[in-house]
Engineer: 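Attaching a single structure in structure tokens format; questions to follow.
Letters go in sequence order (proteins before strands), and every chain restarts at 1.
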Protein chains: 4
Amino acid sequence: MCSRTKPHRSRTGRPRSTEADTAILEATRAALVELGWSKLTMGDVAGRAGVAKTTLYRRWANKNELVVDAVAVLFDELELPDLGSLQADIEHVVLQFAALLERPETKTALMAVVAESTRDEPLRERIRASIVDRQKRLVLAGRERAQQRGELPHHFDPVAVDATDDLIFDVVAGAVVHRALVSAEPVDAPWATRLSALLMGGLGAAATAGG
Amino acid sequence: MCSRTKPHRSRTGRPRSTEADTAILEATRAALVELGWSKLTMGDVAGRAGVAKTTLYRRWANKNELVVDAVAVLFDELELPDLGSLQADIEHVVLQFAALLERPETKTALMAVVAESTRDEPLRERIRASIVDRQKRLVLAGRERAQQRGELPHHFDPVAVDATDDLIFDVVAGAVVHRALVSAEPVDAPWATRLSALLMGGLGAAATAGG
Amino acid sequence: MCSRTKPHRSRTGRPRSTEADTAILEATRAALVELGWSKLTMGDVAGRAGVAKTTLYRRWANKNELVVDAVAVLFDELELPDLGSLQADIEHVVLQFAALLERPETKTALMAVVAESTRDEPLRERIRASIVDRQKRLVLAGRERAQQRGELPHHFDPVAVDATDDLIFDVVAGAVVHRALVSAEPVDAPWATRLSALLMGGLGAAATAGG
Amino acid sequence: MCSRTKPHRSRTGRPRSTEADTAILEATRAALVELGWSKLTMGDVAGRAGVAKTTLYRRWANKNELVVDAVAVLFDELELPDLGSLQADIEHVVLQFAALLERPETKTALMAVVAESTRDEPLRERIRASIVDRQKRLVLAGRERAQQRGELPHHFDPVAVDATDDLIFDVVAGAVVHRALVSAEPVDAPWATRLSALLMGGLGAAATAGG
DNA sequence: AATTAAACGAGACGGTACGTCGAGTCTTGAT
DNA sequence: ATCAAGACTCGACGTACCGTCTCGTTTAATT
């Protein structure tokens with residue numbers, strides 16, 4: 001994924017500083033931690049990064065796109081180790097995602113850019129590509145692994161499979177976000193267990209009925 | 001619920017105009033529809049309401065508090081008619097909530113104020129009192145009705161009951177919000193059916209195991 | 001001189017508080033001393049006087065008229081004791097006027113209201129009636145006394161006499177104001193002596209030539 | 001003379017627009033003519049100059065400093081042609097100064113900034129440097145020329161000479177301003193003749209007595 | 001080594017909204 | 001009718017940030 005506004009494959013002229021890139025993204029995260037999304041300013045980020053404002057705008061069209069890219073990289077840490085059972089995998093991913101949401105830079109930024117994206121189609125697309133897809137692949141991987149283990153039946157209707165993947169994704173991610181940010185309650189191991197148990201029951205019932 | 005910042009039990013002086021109150025809240029909703037949360041300005045709202053900017057600031061400390069109050073009243077429409085079964089009740093409330101989220105004034109505002117609330121404790125409290133509690137009572141009502149119908153067992157451990165209420169609330173509300181705003185997919189009847197079926201299965205399995 | 005906006009000879013209703021009148025004027029002078037003309041506010045004056053803003057506006061049309069009236073009364077102290085010679089009389093009045101101008105309430109207010117009066121005919125009239133005429137009568141008195149002493153000839157052309165009175169008035173008042181406020185130099189006894197000597201010389205030459 | 005607040009010896013960054021400088025000063029004078037000092041607003045001036053408000057504030061700290069600079073340039077027109085006699089020179093400068101004071105931009109602005117300067121030392125210094133000194137040099141030039149002509153004696157006490165220069169300056173400038181703005185009477189040729197005759201008489205008497 | 005062209009820092013620019021403040025008016029209930 | 005209190009409209013304030021635009025100055029790849 002290229003963080004720049006344009007690919008810029010020009011062969012001549014001074015090349016862009018890659019140190020500037022990383023310094024800006026780090027400065028953005030630091031500013032998010034200290035100030036939160038709404039108090040973060042481009043001038044402040046530039047100052048922290050030791051860079052001119054122009055250098056920011058040469059790379060990102062506006063504050064929201066910068067913030068998305070600054071936060072997106074954090075989602076790379078999400079992974080799905082094989083813990084032996086679907087329920088264990090779900091619990092693990094729930095706690096991982098919750099830990100990410102507890103970090104001040106994501107807590108303040110994620111909802112804000114999503115809110116902005118309701119009126120900004122390019123931003124929504126960037127969020128989807130940078131963040132949402134990174135999470136969604138965990139659902140796919142977990143489901144496939146569960147099928148291989150025999151915990152879930154091998155469906156032959158790909159549409160139904162996709163629909164269930166989507167549903168599980170919205171339920172898991174939505175529930176964690178809602179618990180963490182709206183209800184403002186801790187997403188801890190007991191809660192993760194209760195959530196995954198609920199899902200396991202629901203999936204089991206569906207498998208029994210529809211399988 | 002008092003929309004004002006202070007209780008204002010002053011006996012002397014000119015009383016505050018209640019027409020101004022309602023005109024401002026209506027203007028705020030109109031501005032949300034037209035402009036969205038981030039483009040909405042206090043000056044514009046004042047203009048639409050035919051009111052001076054100072055009159056806004058006399059009542060609300062900032063844009064977020066105003067928006068919360070303007071949107072909160074919409075959540076009064078949420079209700080829980082008895083449709084005969086828990087699954088039907090869940091489906092109905094999901095679609096109702098989704099319809100609310102589809103309205104442009106809530107779609108653009110809700111995530112934004114939640115995002116702001118991560119750095120603003122009074123705002124979080126205001127959201128909880130004005131919006132979240134309004135939704136949560138539906139969960140309680142639905143669960144109690146299901147118990148009366150015999151669809152759910154009468155638990156004698158109130159802590160466990162509360163925990164399950166909270167879980168269901170976060171799952172339902174979170175899933176709907178995530179589907180609508182993050183995945184940007186429609187929350188339609190088939191999806192609502194799939195979600196409620198998942199929950200029924202999960203609750204049934206829990207009842208079988210724990211009852 | 002009536003300080004009120006309207007004569008108000010109505011016989012019915014609650015009569016206006018005369019204590020309020022004096023309290024307001026005193027508060028205005030106090031505010032002028034502390035804040036100066038441009039920082040003085042009607043609300044502040046009302047607060048100092050223990051009076052509602054309405055009460056101010058019932059008596060004066062605006063800030064400038066209030067300030068003129070508050071300052072005008074100070075000009076009542078100007079008087080012209082007979083010191084035996086025209087030059088001594090002039091010196092005395094110069095120093096008296098300078099002392100008045102040194103007071104912070106007049107220093108900051110006088111030029112300000114004159115400046116405002118260049119675009120406000122009623123204000124100019126009020127200043128003329130309240131302040132300028134109070135000063136001008138000193139010139140007339142001094143000139144008449146000098147004529148009685150024989151220091152100045154008895155002219156029979158009233159137009160020429162008026163013109164000279166006006167000239168002397170503008171020269172004396174203008175020079176003192178300019179020295180005090182523009183040049184920001186002290187108007188002390190030596191300077192007063194030099195000014196009066198200049199005038200005596202000029203009047204004497206005119207008398208010799210024109211007499 | 002530099003009209004800016006700071007010397008700005010910065011070598012880097014975009015240089016300030018000199019067109020903006022002149023456009024702002026012109027717009028200020030135009031606004032003074034139309035609105036007068038008290039109705040003049042920074043936003044209006046910015047609009048007239050086709051410039052953002054911030055551009056004004058980058059150069060001038062407040063309205064008064066801006067107005068002083070805008071008006072100061074008009075005082076460059078004052079000059080002292082040799083008319084052959086001291087009295088003629090005085091009459092000429094009086095009428096010149098009066099003509100300047102009659103212009104609406106100076107009439108409304110001059111007293112106002114002087115009034116403000118009684119509470120604002122930097123403003124007073126700015127007025128002195130920009131306006132007062134421009135006028136005062138005319139007095140020096142006129143006195144020196146009169147000495148060369150033999151109309152005034154060559155004094156060897158520089159302190160006395162300075163004191164007389166100052167006195168004459170305060171008398172002439174003060175009388176003109178007072179006549180024009182306080183008495184609100186025309187400063188025409190007859191009045192200028194009477195004033196200069198008075199001064200000639202006074203100076204002559206002093207020369208006779210002190211020489 | 002000289003040329004070239006883009007990237008760079010600095011900071012001024014036009015614009016828009018902010019939240020505050022003061023002027024002067026109006027609306028209460030009480031005196 | 002006046003008073004104190006305080007809400008009202010209006011409009012300006014001075015600040016902050018946005019995103020853009022010059023400037024003069026690097027800096028690497030290409031000649």
Engineer: Provide, to the nearest angstrom, the distance between the CG atom belonging to Leu66(A) and the C1' atom belonging to dG19(F).
Structural biologist: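 Result: 14 Å.
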
Engineer: Of the nucleotides dG19(F), dC13(F), dC10(F), which has the atom closest to the Lys53(D) side chain?
Structural biologist: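 Closest nucleotide to the Lys53(D) side chain: dC13(F).
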
Engineer: What is the separation between atom CD1 on Ile24(D) and atom C1' on dG14(E), rounded to the nearest whole Å?
Structural biologist: 12 Å

Engineer: Give Leu40(C) one of three labels, base, sugar-phosphate or nothing, depending on what nucleic acid heavy atoms sit under 4.0 Å from its own.
Structural biologist: sugar-phosphate

Engineer: Heavy-atom nearest nucleotide on DNA chain E for Gly50(D) versus Thr41(C): which residue maps closer to 5'?
Structural biologist: Gly50(D)

Engineer: How far does CZ of Arg128(C) sit from OG of Ser117(C), to the nearest 0.5 angstrom?
Structural biologist: 12.0 Å

Engineer: Given dG14(E), dT9(F), dG19(F), identify the nucleotide with an atom nearest to the side chain of Ala52(B).
Structural biologist: dT9(F)

Engineer: Look at the side-chain N and O atoms of Thr55(B) and state whether any lies under 4.0 Å from the OP1 or OP2 oxygen of dT9(F).
Structural biologist: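 True: Thr55(B) side-chain N/O within range (under 4.0 Å) of dT9(F) OP1/OP2.
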
Engineer: Using side-chain heavy atoms (C-beta onward) and a distance below 4.5 Å, is Leu25(C) in contact with Asp21(C)?
Structural biologist: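 Not touching, per the 4.5 Å side-chain cut-off.
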
Engineer: Whole Å only: how far is the CD atom of Glu65(C) from the P atom of dA23(E)?
Structural biologist: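 In whole Å, dA23(E) P and Glu65(C) CD are 15 Å from each other.
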
Engineer: So Asp69(A) and Arg59(A), do their side chains get closer than 4.5 Å, heavy atoms only?
Structural biologist: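 The answer is no; the side chains never approach within 4.5 Å.
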
Engineer: Select one nucleotide: of dA4(F), dA23(E), dC8(E), the one nearest the side-chain heavy atoms of Val51(C).
Structural biologist: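 From the listed options, dA4(F) comes nearest.
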
Engineer: Would you indicate, yes or no, if dA5(F) has its OP1 or OP2 atom less than 4.0 angstrom from a side-chain nitrogen or oxygen of Arg16(B)?
Structural biologist: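 Checking Arg16(B) against dA5(F): no side-chain N or O falls below 4.0 Å of OP1 or OP2.
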
Engineer: What is the separation between atom CG on Asp44(B) and atom C1' on dG19(E), rounded to the nearest whole Å?
Structural biologist: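 Taking atom C1' of dG19(E) as the reference, CG of Asp44(B) is at 16 Å.
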
Engineer: Under a 3.5 Å distance rule, please check whether Thr108(B) uses its side chain to pair with a backbone N or O of Trp37(B) as donor and acceptor.
Structural biologist: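 Side chain of Thr108(B) to backbone of Trp37(B): a pair is present.
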
Engineer: From CD of Glu116(C) over to P of dA23(E), roughly how many Å is that when rounded to an integer?
Structural biologist: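 Rounding to the nearest Å, CD of Glu116(C) and P of dA23(E) are 12 Å apart.
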
Engineer: Just to be sure I understand the rule, does Asn62(B) reach a base, reach only the sugar-phosphate, or reach nothing, if contact means heavy atoms closer than 4.0 Å?
Structural biologist: nothing

Engineer: Encode nucleotides 26-31 of chain E as B, S and - characters from 5' to 3', where the letter depends on protein heavy atoms closer than 4.0 Å: B to the base, S only to sugar-phosphate, - to neither.
Structural biologist: BBB--B

Engineer: Checking all strands, does Gly47(D) fall into the base, sugar-phosphate, or nothing category for heavy-atom contacts under 4.0 angstrom?
Structural biologist: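 Here Gly47(D) touches no strand at all.
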
Engineer: Find out whether Thr55(C) and Arg16(C) are in side-chain contact, i.e. whether some heavy atom of one side chain is under 4.5 Å from a heavy atom of the other.
Structural biologist: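 A side-chain contact under 4.5 Å is absent here.
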
Engineer: Take atom CZ of Arg59(C) and atom P of dG24(E), then tell me their distance rounded to the nearest Å.
Structural biologist: 17 Å

Engineer: Closer than 4.0 angstrom, basic N to acidic O: yes or no for Arg29(B) and Glu26(B)?
Structural biologist: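 No, Arg29(B) and Glu26(B) are not salt-bridged.
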
Engineer: Salt bridge or not for Arg48(A) and Asp44(A), using N-O below 4.0 Å?
Structural biologist: yes

Engineer: Find the distance Glu19(C):CD to dC3(F):P and express it as a whole number of Å.
Structural biologist: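 So the CD-P distance, Glu19(C) to dC3(F), works out to 11 Å.
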
Engineer: May I ask you to verify if any side-chain N or O of Arg58(B) is less than 4.0 angstrom from the OP1 or OP2 atom of dC8(F)?
Structural biologist: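 Yes, such a contact exists.
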
Engineer: Could you please spell out the steps behind the salt bridge (Lys or Arg N to Asp or Glu O under 4.0 Å) verdict for Glu116(A) and Lys63(A)?
Structural biologist: CA-CA 11 Å; Glu116(A) 293 294 300; Lys63(A) 175 170 149 173; over 6 Å; no

Engineer: Atom OH of Tyr57(C) to atom P of dA4(F): distance rounded to whole Å?
Structural biologist: 15 Å

